[in-house]
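Counting convention: from 1, in listed order, for ligands and their atoms alike. Only this structure's heavy atoms are used, side chains among them; waters, hydrogens and symmetry mates stay out.
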Amino acid sequence: MKHSKLMRAIIFRDYGNPEEVVKLVKDCKIPIPNKNEVLVKVECASVNAADRYIVRANYFIIRLVFGLFRPSKNKRILGMDIAGTIQSVGQNVKGFQVGDAVVADIRKSFGGGYAEYATVNTKYLVKKPEEASFEQACTVPISGQAAMMGMILCSINPGDKVLVNGASGGVGSFGIQIAKAQGAYVAAICSTKKNEAVKSWGADEIIDYKKKDSIKALIGKEFDAVFDTASFEYPGRYKQILKKDGKYVLVGGDFYNMLKVKFLGRFGRGSQKFMALTQKVEVTTNIKTVLEMIADKKIKPSIQKVISLKDVPDALHSLEQRTVVGKIVVNLNKEV
Ligand SMILES: NC(=O)c1ccc[n+]([C@@H]2O[C@H](COP(=O)([O-])OP(=O)(O)OC[C@H]3O[C@@H](n4cnc5c(N)ncnc54)[C@H](OP(=O)(O)O)[C@@H]3O)[C@@H](O)[C@H]2O)c1
């Protein structure tokens, strides 16, 4: 099937400051799905920390994946998760049809979500429940999914005490709500301006790291699990506030901390377990679970604002400035 029409998209042709290198263009070719793919009309996409890391390319691994000196031509459209409607299907596609409302993590195809259309292999597609809006659903594939995977690794039981670090961010906002839905007591670390929002997501206790050293302040309390989305200090510090058989799960933060936890150190004492996020459960399974929780009103994505495509560079700047609370959503139907 041929598409001669062009579409709007957010692209980056160079690495650097998002406000300078991330641009809205109106002449991108609409992609053509292969036989195992569908063409999705993107209704909404969500803004993720990954977008800003990719644009800055501060970590060499990003250049290895996206292009050494500048992003390769086929990896220039940003946006890693989408919710939309199927427009056409490839000849081998089964189980999905034109008109289906779907959700997808499109990291494996190096993005493409900040565009009017995206092609997605059916193995990454999940049907959107009617009860979840497109704006809510697009926040799930990366942030909601990572939070669900992390909380599964934390193996929470009702009554457990969980500490969430980076609690005010996209993943933290889901992490708190998922842990609460599983019956945990949640302590949350965040900066002063975000205390109220984090409380509103259900946190039982707020530790404001701007006012005190959060780990020092928690000594004497023993947590069953630490869920860390902002690992910017030595992870081993958490052993002091974990139970003897407690679990520390690193979801995000400094890339080198992630490598250290994954491959190097024994950070814990006794039978404490320090883990970096690993995909023990299929991404699509976790996405379905989180979408069901939204549909059942057990959790509610926290959307700080809904923006149009042209405002993506601004949104990436806000993420870098750490003024975002929860998630920012891009609605492709909003006026440009
Ligand atoms: N592996 C995966 O599948 C996966 C999926 C999603 C995200 N992640 C990773 O998880 C991390 C969090 O993602 P997110 O979407 O929640 O990001 P986010 O929305 O930017 O939130 C991160 C939060 O961490 C806090 N923070 C503390 N120190 C920080 C620092 N030095 N720099 C930036 N933030 C800091 C900030 O809150 P305060 O202002 O309150 O400190 C911020 O709200 C990122 O590293 C991301 O790459 C991994």
**Q** Would you kindly check if the NZ (Lys) or CZ (Arg) of K127 is within the cone defined by 45 degrees around the ring axis of F96 and under 6.0 Å from the six-membered ring centre?
**A** yes
**Q** For a quick test of reading the model, state the closest non-hydrogen atom pair linking T278 to M149 and the distance between them.
**A** O-CG, 3.4 Å
**Q** Heavy-atom cut-off of under 4.0 Å around ligand 1: list whichever protein residues fall inside it, by chain and number.
**A** A49, R52, Y53, R107, I142, A146, G166, S168, G169, G170, V171, C190, S191, K194, Y209, T229, A230, F232, V251, G252, G253, L277, L319, R322
**Q** Heavy atoms, side chains only, cut-off 4.5 Å: are V47 and V330 in contact?
**A** yes
**Q** Hey, what do you get for OG (S200) to CD (Q177), rounding to the nearest 0.5 Å?
**A** 8.0 Å
**Q** If I take atom CZ from residue R52 and atom CD from residue E320, how far apart are they, to the nearest 0.5 angstrom?
**A** 5.5 Å
**Q** What's in the same ILVMFWY side-chain cluster as V306, cut-off under 4.5 Å, chained through other members?
**A** I303, V329
